[in-house]
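Structure record follows, encoded as structure tokens.
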Amino acid sequence: NEMVKNAILDHKSSYEIRESKDTTRVKAALEKTGVVYVLLNTDTSTDFYKDYKNLVIWGSIGERVFSKSGDEIFKISPEE
């Protein structure tokens, strides 16, 4: 299934998305894998896992479409 194949992240892309401060590299990794939405758990989230290290960059990568109780969903803007 093409959708499943595109959703599987390689280790480098996964690392870039979670750890990088470079918006260009994060966006390239997201586009490579076809990711359209990203769920971020901020420090105030009740979710145990808080995988993303540089939350401040996401406003320039996509549009916040949901925010509640420390959980935020961003829709990734396509590269123009």
Side-chain angles (χ1 to χ4, degrees):
N1 176 316
E2 190 67 26
M3 181 189 278
V4 172
K5 185 170 76 173
N6 287 342
I8 297 172
L9 299 176
D10 60 71
H11 292 293
K12 183 177 181 191
S13 294
S14 179
Y15 179 83
E16 291 291 347
I17 292 166
R18 288 188 333 270
E19 307 283 338
S20 184
K21 295 178 184 177
D22 183 333
T23 58
T24 302
R25 292 171 75 170
V26 173
K27 197 152 190 171
L30 291 166
E31 290 177 0
K32 175 182 176 183
T33 57
V35 171
V36 179
Y37 291 93
V38 174
L39 169 63
L40 304 177
N41 305 111
T42 69
D43 291 338
T44 60
S45 173
T46 58
D47 195 276
F48 180 78
Y49 298 100
K50 295 172 178 66
D51 297 325
Y52 299 91
K53 304 299 181 209
N54 300 296
L55 301 178
V56 70
I57 69 170
W58 289 91
S60 62
I61 293 174
E63 173 189 1
R64 183 183 293 118
V65 295
F66 175 84
S67 181
K68 184 177 179 182
S69 303
D71 298 322
E72 299 181 347
I73 297 176
F74 283 83
K75 182 175 182 181
I76 306 308
S77 306
E79 194 65 44
E80 298 180 20

Ring-plane angle category for Phe74 and Trp58, please: parallel below 30°, perpendicular beyond 60°, tilted otherwise.
tilted
Using a 3.5 Å distance criterion without hydrogens, assess whether the side chain of Asn54 forms a donor-acceptor pair with backbone atoms of Ser20.
yes
Would you compute the distance between atom CG of Asn41 and atom CZ of Phe48 and round it to the nearest 0.5 angstrom?
11.5 Å
With rounding to the nearest 0.5 angstrom, report the CG to CG distance, Leu55 to Leu40.
6.0 Å
So which heavy atom on Val65 is nearest to which on Tyr37, and how close?
CG2-CE2, 4.1 Å
Should the heavy atoms of other residues, nucleotides or ligands under 6.0 Å from CZ of Phe66 be counted, would the total exceed 12?
yes
Looking at Lys50 and Asp43, what are the two nearest heavy atoms and their distance?
CE-O, 3.8 Å
Can you measure from CG (Asp22) to CD (Glu16) and round to the nearest 0.5 angstrom?
7.5 Å
I'd like to know if Ile76 and Leu39 are part of one continuous hydrophobic network [Ile/Leu/Val/Met/Phe/Trp/Tyr, side-chain heavy atoms within less than 4.5 Å].
no
Separation between NZ (Lys12) and NZ (Lys32), nearest 0.5 Å, reads 7.0 Å
Quick check for you: to the nearest 0.5 Å, what is the distance between Ile57 atom CD1 and Lys27 atom NZ?
11.0 Å
Taking all non-hydrogen atoms of both residues into account, name the closest pair between Gly70 and Ser45 and its distance.
O-CB, 3.4 Å
Please report the interatomic distance OG1(Thr33) to CD1(Ile17), rounded to the nearest 0.5 Å.
4.5 Å
